[in-house]
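Taking it in order: structure first as structure tokens, then the write-up.
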Amino acid sequence: MRYTILLITLLISTFSFCQVNNSNLVEQITNSGFFHNYNVENFYLHTNKDVYFTGENIFFKAYVVNEVDNTPNMDTKNLHVNLYNYENKLVSSQLFHVEEGKTNGSIKLPAHLKSGQYTIQLDTQWNRNFKSGSNFLILVKNIDQTDFSTTVTTDIETTEEPITFYPESGSLIENNENVIYFKVKNDNVKAPIGRIVETKTGRRVAKIFPINSNYAKSTFFYDSEFTAIINVDGKKEKITIPKANKTGFTLYKTKSEKDDVINFQLSTNRETIKKQKFIYAVHHKKGVLKTKASFNLTENILNYNFNILKSDLFPGLNTISVFDNQNKLLIERSFFTKTKRKLIF
């Protein structure tokens, strides 16, 4: 497998790739428990309708694709198609031959079934090594039932706080610039605005900028204790920003001047660099490796910019994971990319 080296630049000074044995590093990454080059499968199902009566046939087409790029899986030959009732009890199980990533067939619904929400599950023996099969819901009605109500699985009702927030990098780091996003339960079309203040003094340290009517964002340097004050529906809501970690890394997506790349910034603080001298970043999708870059850390350089060619992106989910030289995961960031490429069979 070939690995493309990520292009590295620095915010402060010129950066050169660390002088390590790259073949050993690739071997180390590949042999770790985080990555693999297996063709993990995804499943798609098309049925002729969504609601069926007992005694009818469910006519379907099913597709088996490679998870990493959504192309047809040419290795799969057999697909298990299982039907479960609303109590998750198996009603029927059939095996269909797959050719070039697709198959079709029918499922006969027994006449004695009760009305309710049923599940069609697609699975293969290979897929069971990694995850459970994919489930698709249909509604079945029995016209002979005196009670026409159907049993349907519903989600558990949950309550939502008026304001929730999350750091873009997953955690906050002391003596480092941090980005926080706020999600606001807002009945007003007016976008939320506010400020970050030092808790003890009330001194404003940063603005909270609106993104839309339900989301806002703030960037600030964490060196004290802070409180967020946000205007929601004409009321001021206060939320305490939790304490930051003394060591660690932040990873942000930043603006790019070029249309063919996506930029990221990896930052840390001096306390971290006292203990951490070498790290590497890996671009992958659910464990399938794409690109990598290695960094030598010094106290004079706390911010690193790197970019990924858009042509190297996976369709859908992409993940950047940062490890130390012992393969310990330090930080991880996932993002989605849209693709115009359609699945063609």
Side-chain angles (χ1 to χ4, degrees), residues 38-160 185 285-287 314-317 336 338-345:
Y38 303 123
N39 285 329
V40 180
E41 301 162 324
N42 276 346
F43 306 99
Y44 296 95
L45 179 71
H46 291 160
T47 56
N48 59 321
K49 55 182 182 176
D50 298 320
V51 180
Y52 295 88
F53 291 100
T54 54
E56 281 192 303
N57 285 307
I58 302 172
F59 294 98
F60 70 88
K61 288 184 178 180
Y63 304 90
V64 185
V65 301
N66 298 312
E67 184 177 67
V68 67
D69 58 7
N70 223 37
T71 57
N73 189 304
M74 298 300 188
D75 298 324
T76 299
K77 300 302 178 186
N78 295 296
L79 180 68
H80 295 270
V81 180
N82 305 316
L83 178 67
Y84 292 89
N85 67 10
Y86 49 82
E87 295 178 332
N88 203 32
K89 293 182 179 179
L90 183 65
V91 176
S92 66
S93 180
Q94 297 175 256
L95 190 65
F96 291 87
H97 176 69
V98 178
E99 188 172 348
E100 295 183 347
K102 60 183 177 180
T103 186
N104 62 80
S106 63
I107 305 169
K108 179 71 174 180
L109 292 174
H112 66 271
L113 293 181
K114 293 182 179 181
S115 299
Q117 191 178 70
Y118 285 68
T119 301
I120 300 175
Q121 183 187 75
L122 305 183
D123 205 357
T124 65
Q125 287 295 120
W126 175 252
N127 180 69
R128 291 169 185 171
N129 293 310
F130 308 97
K131 57 185 179 179
S132 58
S134 297
N135 296 327
F136 306 87
L137 299 178
I138 61 168
L139 195 61
V140 175
K141 293 185 177 182
N142 189 327
I143 59 175
D144 293 329
Q145 281 186 229
T146 55
D147 181 9
F148 287 95
S149 62
T150 59
T151 304
V152 179
T153 304
T154 58
D155 294 330
I156 299 174
E157 184 178 352
T158 59
T159 58
E160 186 177 358
K185 189 177 181 182
K285 179 176 181 178
K286 295 185 177 181
F314 296 103
L317 181 70
F336 286 84
K338 294 182 180 179
T339 177
K340 296 181 180 179
R341 182 174 58 185
K342 295 182 179 180
L343 182 62
I344 300 175
F345 283 91

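All values reported here derive from a predicted model rather than from experimental measurement.
Within the structure, every pair that satisfies the salt bridge (Lys or Arg N to Asp or Glu O under 4.0 Å) test and touches residues 117-128, not counting sequence neighbours, is listed here: Asp123-Arg128. Residue pairs meeting the salt bridge (Lys or Arg N to Asp or Glu O under 4.0 Å) criterion with at least one member in residues 42-56, sequence neighbours excluded: Lys49-Glu56.
Residues Tyr63 and Phe43 fail the side-chain proximity criterion, which asks for heavy atoms closer than 4.5 Å.
For Lys108, the side chain to side chain contact (heavy atoms under 4.5 Å, CB included) partners two or more places apart in sequence, or in a different chain, are Asn57. Partners of Phe96 by ring pair (Phe, Tyr, Trp, His ring centres under 6.0 Å), not counting sequence neighbours, listed by chain and number: Phe60. Applying the side-chain hydrogen bond (donor to acceptor under 3.5 Å, both in side chains) criterion to Asn82, with sequence neighbours excluded, gives Ser93, Gln121. Residues that satisfy the side-chain hydrogen bond (donor to acceptor under 3.5 Å, both in side chains) test with Ser106, not counting sequence neighbours, are absent from this structure. Legend: residues meeting salt bridge (charged side-chain N to carboxylate O under 4.0 Å, His left out) with Glu87, ordered by chain and number and at least two apart, are Lys89. Applying the ring pair (Phe, Tyr, Trp, His ring centres under 6.0 Å) criterion to Phe314, with sequence neighbours excluded, gives His283. Applying the side chain to side chain contact (heavy atoms under 4.5 Å, CB included) rule to Asn48 yields the partners Tyr52, Phe59; only residues at least two apart in sequence or on another chain are considered. Contacts of Phe136 classified as side chain to side chain contact (heavy atoms under 4.5 Å, CB included), with partners at least two apart in sequence or in another chain: Leu45, Leu122, Ser134.
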Donor-acceptor pairs under 3.5 angstrom involving side-chain atoms of residues 74-81: please list them, not counting sequence neighbours.
| unit_1 | atom_1 | unit_2 | atom_2 | d |
| --- | --- | --- | --- | --- |
| Thr76 | OG1 | Glu41 | OE2 | 2.4 |
| Thr76 | OG1 | Asn73 | OD1 | 3.2 |

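Considering all non-hydrogen atoms of both residues, Val91 and Asn85 come closest at CG2-N, 3.8 Å. Counting all heavy atoms, side chain and backbone alike, Pro72 lies closest to Gly101 at CB-CA, 4.3 Å.
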